[in-house]
Amino acid sequence: MSNGVRIEAGDYAAIFMPEKGMNFVSLKKGAVEALDQSTKSLFEERYAGLGPLIGPHFHHRKIIPRIEYPEHFPHLANVKGDEPFSHGIGRYAPWTVENQSENRIKAVLRGEDKWHNVFLKDLEGQDFTMQYEAAVTPEGLEIQLSVSSETESVVGLHTYYALSGGKGCVRARVRNHYNDQGTLKLIPSTWNYGEDHTLTFPLSEPSDYGFQPYPDPFHGEMELETASHGIQVQYWCDNEENSIQMWHPERASFVCMEPLSAKDPRKPRLTVSQLKILISIL
C-alpha cells in the first residue's frame with residue numbers, strides 16, 4: 001500500500017488513498033488516532049476497515065452485474081457472498097484528483113472512467129458521478145461528498161472509529177424510531193433514551209441500526225465517548241433524506257458512525273444527493 005496523500009492543518013492530519021477508493025486511512029489530532037488501525041488488514045484485503053466511503057449504493061445490491069474479468073479484482077477472493085463491491089464501486093476504484101494543497105484534496109469518480117479496462121458504470125450497474133472534497137481545519141476533517149446518478153443512489157462514510165480498550169458509548173439526539181435492516185421500529189423502553197430525545201447507547205451491546213436526527217431534520221451528530229478520547233461526527237444535508245447508521249459488531253474494537261444521504265439507505269429515493277461532514281477528535 002502506498003503512503004497516500006497527507007493533508008494537515010493545526011493539530012489535525014489525515015491521509016487519503018485516491019488510488020484505493022478515495023478512502024482515508026488515518027485521522028490524527030496530535031498523537032490521538034481516530035481510526036481503528038487494527039482494521040488495516042481488512043482494508044488491504046477487501047477495502048473494509050479504516051475510513052472507507054459509501055456510494056453509489058449501500059451494502060448489497062439486489063441485482064448484481066456480471067463481472068467479465070474477475071481475475072482483475074483480487075479482493076474478490078476475500079469477499080463473502082455474491083456482492084463483489086459492497087457499499088458501492090466508489091470505495092474500490094481509483095479516483096481522479098482534480099486539486100490538492102497542503103490542507104485540501106478534491107477528487108472525482110465517473111461511470112465513464114475505466115478500471116482494469118472496464119467501465120465503472122458496468123461494474124456499478126448504472127452511470128454516475130461522485131465528487132469528494134476533504135479539508136483539514138483546526139476544527140477537524142471536513143468532507144463534502146455528492147453523487148448524481150441514473151437511478152436511485154446514496155453516499156456516506158463508513159469510518160471505523162477506535163474504542164479505548166474496546167469500550168465506550170455513543171450519544172445522539174434522534175427521533176424515537178430506528179431502522180433495523182430496513183424495518184422501522186420504536187426505540188424500546190430498555191434503551192437509554194431520554195425525554196429530550198438523547199440516546200446513550202453502550203457499546204457493550206452490538207448494533208447495526210439507522211437513526212434520524214432530532215430536532216433539525218437537516219443536521220445530525222453523534223458523539224463517541226471512550227476512556228481516552230472522544231469523537232464527534234456532525235453532518236448537514238440539503239433535504240430530509242438523510243440518516244446516520246451505527247454499526248458495532250459484538251466485542252469489536254471499533255464503532256462505525258455513518259452519515260448517509262438516505263433515510264433508508266437500502267431503498268434510496270434520490271438520484272442526486274450530497275452531505276457535508278465534520279469529524280472532530282475531542
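Keep in mind that the numbers below use all heavy atoms, side chains included, and drop hydrogens, waters and symmetry copies.
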Is there a side-chain contact between Y178 and M246 in this structure, where contact means two heavy atoms from C-beta onward sitting under 4.5 Å apart? no

Answer with yes or no whether the side chains of E33 and S26 bring together a donor and an acceptor at under 3.5 Å. yes

Here the side chain to side chain donor-acceptor pair (under 3.5 Å) pairs for residues 270-279, sequence neighbours left out, are D238-Q274, S261-S273

Just wondering, do H59 and P265 contact through their side chains at under 4.5 Å, heavy atoms? no

Linking I/L/V/M/F/W/Y whenever their side-chain heavy atoms sit closer than 4.5 Å, directly or via other members, would I281 and M257 fall into one cluster? yes

Parallel, tilted or perpendicular: which fits the ring planes of F73 and F85, with parallel below 30° and perpendicular above 60°? perpendicular

Classify the ring geometry between Y209 and W191 as parallel (under 30°), tilted (30 to 60°) or perpendicular (over 60°). tilted

Go through the side-chain N and O atoms of E133 and Q131 and say whether any donor and acceptor fall under 3.5 Å apart. no

Could you tell me if the ring centre of Y160 sits under 6.0 Å from that of H158? yes

Aromatic ring pairing H72/H116, orientation class (parallel under 30°, perpendicular over 60°, tilted between): tilted

Report the C-alpha separation of D264 and N179 in whole Å, then their side-chain angles, then the decisive distance to 0.1 Å, and conclude whether the side chain to side chain contact (heavy atoms under 4.5 Å, CB included) test is met. CA-CA 7 Å; D264 184 351; N179 187 335; 3.4 Å; yes

Residues in side chain to side chain contact (heavy atoms under 4.5 Å, CB included) contact with R269, at least two apart in sequence or another chain: E241

For residues 82-99, which residue pairs pass the side chain to side chain donor-acceptor pair (under 3.5 Å) check, not counting sequence neighbours? R61-E83

